[in-house]
Amino acid sequence: MASTLPAHFDKPVRIAVIGGTGLSKIDGYTPVAALLPQTPWGLPSSPIMIAEHNGIPIAFLARHGLSHQLAPHEVPARANIAALRSIGVRSVIAFSAVGSLREEIKPMDFVIPDQIIDRTKGVRPFTFFEGGVVGHVGFADPFDAKLAAVVERCAAAMQGDAAVLHNKGTVVCIEGPQFSTRAESHMYRSWGGGVINMSALPEAKLAREAELAYQMICMATDYDCWHTTEDVDVAMVMKYMAANSGNAKNLVGAVLDELSKQEHSDMVMAKHWEGSAQGAVKFMTKPEGRNPEAMKRIEYLFPGFWEE
Ligand SMILES: CSC[C@H]1O[C@H](OP(=O)(O)O)[C@H](O)[C@@H]1O
Ligand SMILES: Nc1ncnc2[nH]cnc12
């Protein structure tokens, strides 16, 4: 399908949806272009499909590739975020299939997380700022509260089987691809974890470094292995994701309706993040320590960055 679509789109695209497990596309959105930007960090996971919603272009990226061929640790998160930014994206709604660590978060419920606990193992490239240009961005609140508030207001769009949209929660991001041990699952609960996945990081960190407004929407598919019901397996995740996709479509439609309103244009442009990472980079590495290759990569993210 990608090859028959134009590989260019002549307007900037401000809003992106990242789809995860069981959500490599969203029904009802007909792509009008398929972009594959070559970034300094390689190619994104999949062509970025451009579709229109209320006349506004929306980018859609399949995190694990169109055939789910990329394991969580193989997802080229830097290329994904850099590619989205390069086509103009400033706001990202990222879907993720998650296990529930709480009785009250039932399979098919959705969660708008506000915190992350990092249980990745350092094997995934996790920063743009290295190799001769250093930067330290704030990450106390890893998601975007403004986008979260919009998603929360759209809860009524969810209809499937009394599924609930929980408006906060901590996502524990494990390395995977194996699921957790029972001891780990209980430990994450004792830490206050609400849901568990393998994809929140480094995606959220990189979005922050790229000055994007980024909010994940978690869709519960299982109770991991702490619960007295069945332990998680892939069949269970896929079964519930098939059930969740209708709600994902409805919710995303409502969120995009809201984001396309003129009153939200500054938020969609992530004006509230503008300059945050660039400020964190500009003053760290002295000119004599800067690596020209690393400087070029930063320039890809932030064109004109090194001009005074
Ligand atoms: C197939 S279960 C594990 C897999 O599902 C989630 O993917 P995503 O976050 O992209 O929806 C989880 O993070 C794991 O990658
Ligand atoms: N139990 C679980 N652990 C990690 N990632 C998941 N994605 C869906 N269910 C999961």
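Excluded from the calculations below are hydrogen atoms, water molecules and symmetry mates; all remaining heavy atoms, backbone and side chain alike, are included. In listed order, ligands and their atoms are each counted from 1.
- If you look at R63 next to ligand 1, the close heavy atoms, those under 4.0 Å, all belong to the side chain.
- Tracing side-chain contacts under 4.5 Å through hydrophobic residues (I, L, V, M, F, W, Y), one reaches V232 starting from M187; they form part of the same cluster.
- Checked by distance only, ligand 1 and F179 stay at 3.5 Å or farther apart across all their nitrogen or oxygen atoms.
- Geometrically, ligand 1 and V234 share no nitrogen or oxygen pair separated by less than 3.5 Å.
- Using bins of under 30°, 30° to 60° and over 60° for the plane-to-plane angle, the ring pair F110/F95 lands in the perpendicular bin.
- Contacts with ligand 2 closer than 4.0 Å are made by backbone heavy atoms (N, CA, C, O) of V98 only, the side chain lying farther away.
- For atom 6 (C) of ligand 2, the closest non-hydrogen atom of the protein is I196 O, 3.6 Å.
- The minimum heavy-atom distance between W306 and M295, with the atom names listed, is NE1-O, 2.9 Å.
- The main-chain N or O of D141 is found under 3.5 Å from a side-chain atom of R208 such that the two form a donor-acceptor pair.
- Within ligand 1, counting atoms from 1 as listed, the ones closer than 4.0 Å to a heavy atom of S96 are 8 (P), 9 (O), 11 (O).
- Inclusion of A97 in the set of residues having an N or O under 3.5 Å from an N or O of ligand 2 is warranted.
- Between the CG atom in D144 and the CG atom in D114 there is a gap of 12.0 Å [rounded to 0.5 Å].
- Distances below 4.0 Å separate heavy atoms of D222 from the following atoms of ligand 2: 1 (N), 2 (C), 8 (C), 9 (N), 10 (C).
- Closest heavy-atom approach to atom 4 (C) of ligand 2 within the set M236, M198, Q178, E184: this belongs to M198.
- Considering only non-hydrogen protein atoms, atom 10 (C) of ligand 2 sits nearest to G99 N, 3.4 Å.
- H53 and Y29 have parallel rings, their planes meeting at less than 30° on a 0 to 90° scale where 60° marks the start of perpendicular.
- Inclusion of I174 in the set of residues having an N or O under 3.5 Å from an N or O of ligand 2 is not warranted.
- Among protein heavy atoms, the minimum distance from atom 3 (C) of ligand 1 is reached at M198 CE, 4.0 Å.
- The residue from F302, F128, F305 that alone fulfils the side chain to side chain contact (heavy atoms under 4.5 Å, CB included) condition with V281 is F305.
- From the protein, the heavy atom lying nearest to atom 1 (N) of ligand 2 is D224 OD1, 2.7 Å.
- Taking the six-membered ring where the residue is Trp, H64 and H68 present parallel rings, their angle staying beneath 30° rather than reaching 60°.
- The shortest heavy-atom contact between M198 and G176 is SD-CA, 3.7 Å.
- Distances below 4.0 Å separate heavy atoms of N197 from the following atoms of ligand 2: 4 (C), 5 (N).
- Interface of T221 with ligand 2, defined as ligand atoms under 4.0 Å from a residue heavy atom, comprises 8 (C), 9 (N).
- Considering backbone and side-chain atoms alike, N197 places every N or O at 3.5 Å or more from each N or O of ligand 1.
- Set against the non-hydrogen atoms of H64, the atoms of ligand 1 under 4.0 Å away are 7 (O), 8 (P), 10 (O), 15 (O).
- Within ligand 1, the atoms closer than 4.0 Å to a non-hydrogen atom of A97 are 5 (O), 6 (C), 8 (P), 9 (O), 11 (O), 12 (C), numbered from 1 in the order shown.
- Ligand 1 is approached by P72 to a heavy-atom distance shorter than 4.0 Å.
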